[in-house]
Amino acid sequence: MLYAKVVLGIPVEGPFDYMVPDTLYKKLKVGVRAWVPFRNRRMLGYVVGITRKTNIKNLKTIGEIIDEAPILDKNMLSLTKELSGYYCCSWGEAIETALPQALRKGRLIKLNTLNLKAASGKSAGLGEVFLIHALDENEGWDRYIQAIKDTLESNKSVIVLLPDINSVLKAQEIIKARVKANLGILYREQPRELEEWVRIKEGRADVIIATRSGIFAPVNNLGLIIIDEEQNDVYKQEQVPHYNCREVAFMRVRIEKAKLILGSAQPSLESFYLARKNKIKYIFIPRTRAFPEIKIADTHYLYRGPKQKNAILTKYLEDSIISTLNSKGKILLFLNRKGFATFASCRYCGMVLECPRCNINLVYYFKDSILKCHYCNFKMQPPTICPNCNSGYIRYAGLGTEKIESELSRLFPQAIIKRLDNSKHLDINAADIFISATSIIKETQYSFDLIGVLIIDNSLNRIDFRAAEKAFGLLIGLLRLTDKKIVIQTRLLKHHCFNSLVDKDVSIFYTEELKQRKQLGFPPYKHLAIVKLRTKKEERAKEASNMLFNKLKKYKTKDINIVSVNPGQPSKLRGNFYWQILIKSDNPRKISRFLKIHLKDFSHSGIIVTVDIDPV
DNA sequence: AACTTACTAGCA
DNA sequence: GCTAGTAAGTTC
């Protein structure tokens, strides 16, 4: 008698053994999907092993075997297994994140694997990893193209990952123009997702260009993975399992003996640290264009004096704008914020308008005359009377791009000023001064004559150990948009973010930031994990998370530090209350193993517990 | 995750 | 004794 070991896409470890009638022996292979009876349901499972003996009594018989050829090969099984051990999910859940939706639902496919290129003998990369730190986008691409060509030459395939669909399409154009290859394009929500997946599985594409989930592209003889903008946090999945593409790429190139290239103008501290430690190879490509002049403008005195109450420009930046305008130059003013005002409040009773479903202030959009929640996208008409005290004095305060637009038109009536929201393409002739939030950084190729960073301190002052890294990333992004001059307004004059830019040496930032992370015991020196608890009732969330916190503390080992229990951020989201427990360790796999054991017997009705390893 | 069973508190 | 609510256990 043969038994199939089957895993399921639910948070239960498994695998579960099933009897296989001899009529199905021929169809039974590791890596195929099968329908199995489970409790009193019929579920889709994945055969991860075949065995002749089992210790389980009262076995059930496997239902239907769906696939003729395995949809998961040995490498993909190893990868998903490893992923489940790192990110604290079941093997089945890991498999399901690696597959297109249609396959998870049991859709039938026909695989024609006859034409598969035999895996060539020599392995291209041996698990080597490179960090290409290129301040100049094009230089980075030259390296990518060369590596792709080399890999194709040795008869191996390539996966190129980009943060978003736009970048995928751009990369497709670049690669199509410079490399002769069969391209495969993969991203979730692509209408042809399954079709493309099958094409790749059949070996009919050798350069796969994709977003995050493309890390699981079913290529047969992988030689190279490229992750562009490796620091970008979209590579981290927001749903469970919260895997990070970069980490999965490390696993995959080790398993398949391929090469990995991480590319960025602003590498993550994690990758930079590995490079410093010589764990991965580091290639720094300095900027070939002129490095802009960088000026720090002190905003300490900005708000002094009754007439300057609402001033948003330092004298220095104002003068720079005037002289740039005089020489017919183009100006970009940047701030990390959207909307007209950051919040709306009642002048009479002081109540701040909040989202009814989240613990977050609503943001006022002047042009559309609407109040919006940035978290859950709740929208409402601005009330004319205060919902709390019925007075008619709702006031809008704080600075957003819309507010700045109106301020600037007052200051520079002769200039044409344009505010860029999430608009597609920037028409440089449309204005003299452009005002924008973060969206600009990706969108334009244009080089401005002056960039004014109006507000960056809010990004630096956030209670997030990655605040400086993110702010620095923004500034490096802006650097791409000028060769001439950047004026940064700040109160934090001595911050290493700015020192690094003023001295035109990005390593200053990394050295100082690493030093601080080390002192505080944060990544990349330690791994973090967050256990999140979610429920409709505020009190229960608090109670249950405290109980869990104490329980985890009781069982903790010396390698695992159960740090704190706190309300989530935000503490209320879409009508649910959040609490979270923070854990630190040198080894994320140990956290995962620890939590798998101790979360299993923690059940409180109505409370949903999730785990995020290496949160971003 | 989904479902079953066990236990507890409140109530006529 | 009954029910509702929740805690705890199980799934091949």
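Worth saying up front: this structure is predicted, and the values here are computed from it rather than measured. Order of the sequence lines sets the chain letters (A, B, ...), proteins ahead of strands, with each chain counted from 1. Below, each value reflects all heavy atoms present in this structure, side chains not excepted, and no hydrogens, waters or symmetry copies.
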In whole angstroms, how far is the P atom of C:dT10 from the CG atom of A:Asp601?
11 Å
Atom-to-atom span, CH2 of A:Trp91 to P of C:dC12 - whole angstrom
19 Å
Would you indicate what A:Phe38 reaches in the nucleic acid, counting non-hydrogen atoms under 4.0 angstrom: base, sugar-phosphate, or nothing?
base
I need the CZ-C1' distance between A:Arg52 and C:dC12, as an integer number of Å.
19 Å
Could you tell me how far apart A:Lys600 (NZ) and B:dA1 (P) are, to the nearest whole angstrom?
15 Å
A:Met43 atom CE is separated from B:dC3 atom P, nearest whole Å, by 10 Å
Return yes if a side-chain donor-acceptor contact under 3.5 Å exists between A:Glu13 and A:Ser90, otherwise no.
no
Run the side chain to side chain donor-acceptor pair (under 3.5 Å) check on A:Glu230 and A:Ser271 step by step: do they pass?
CA-CA 9 Å; A:Glu230 63 87 24; A:Ser271 299; 2.8 Å; yes
Tabulate atom names and distances for all N/O pairs under 3.5 angstrom spanning the protein and nucleotides 4-7 of chain B.
none

What nucleotide, of C:dT6, B:dA1, C:dC12, holds the atom closest to the side chain of A:Lys537?
C:dT6
For A:Arg104 and A:Leu99, indicate whether the former's side chain and the latter's backbone hold a donor-acceptor pair under 3.5 Å.
yes
Taking the six-membered ring for Trp, are A:Tyr243 and A:Phe216 closer than 6.0 Å centroid to centroid?
yes
NA contact type, A:Ile56, heavy-atom cut-off 4.0 Å: base, sugar-phosphate, or nothing?
base
Figure out the CG/P separation between A:Leu548 and C:dA8, and round it to whole Å.
13 Å
Between P of C:dT11 and CD1 of A:Ile10, the distance in whole Å:
12 Å
Pair A:Tyr273 + A:Tyr525: ring centers closer than 6.0 Å:
yes
Within less than 4.0 Å of OP1 or OP2 of C:dT10, is there a side-chain N or O belonging to A:Arg41?
no
Could you tell me if A:Asn244 and A:Glu247 have a donor-acceptor pair between their side chains, going purely by distance under 3.5 Å?
no
To the side chain of A:Leu59, which of C:dC12, B:dA1, C:dA7 is closest?
C:dC12
Length of the CZ-C1' vector between A:Phe602 and C:dG9, whole Å:
16 Å
Establish, from distance only, whether the side-chain atoms of A:Asn75 and A:Ser78 form a donor-acceptor pair under 3.5 Å.
no
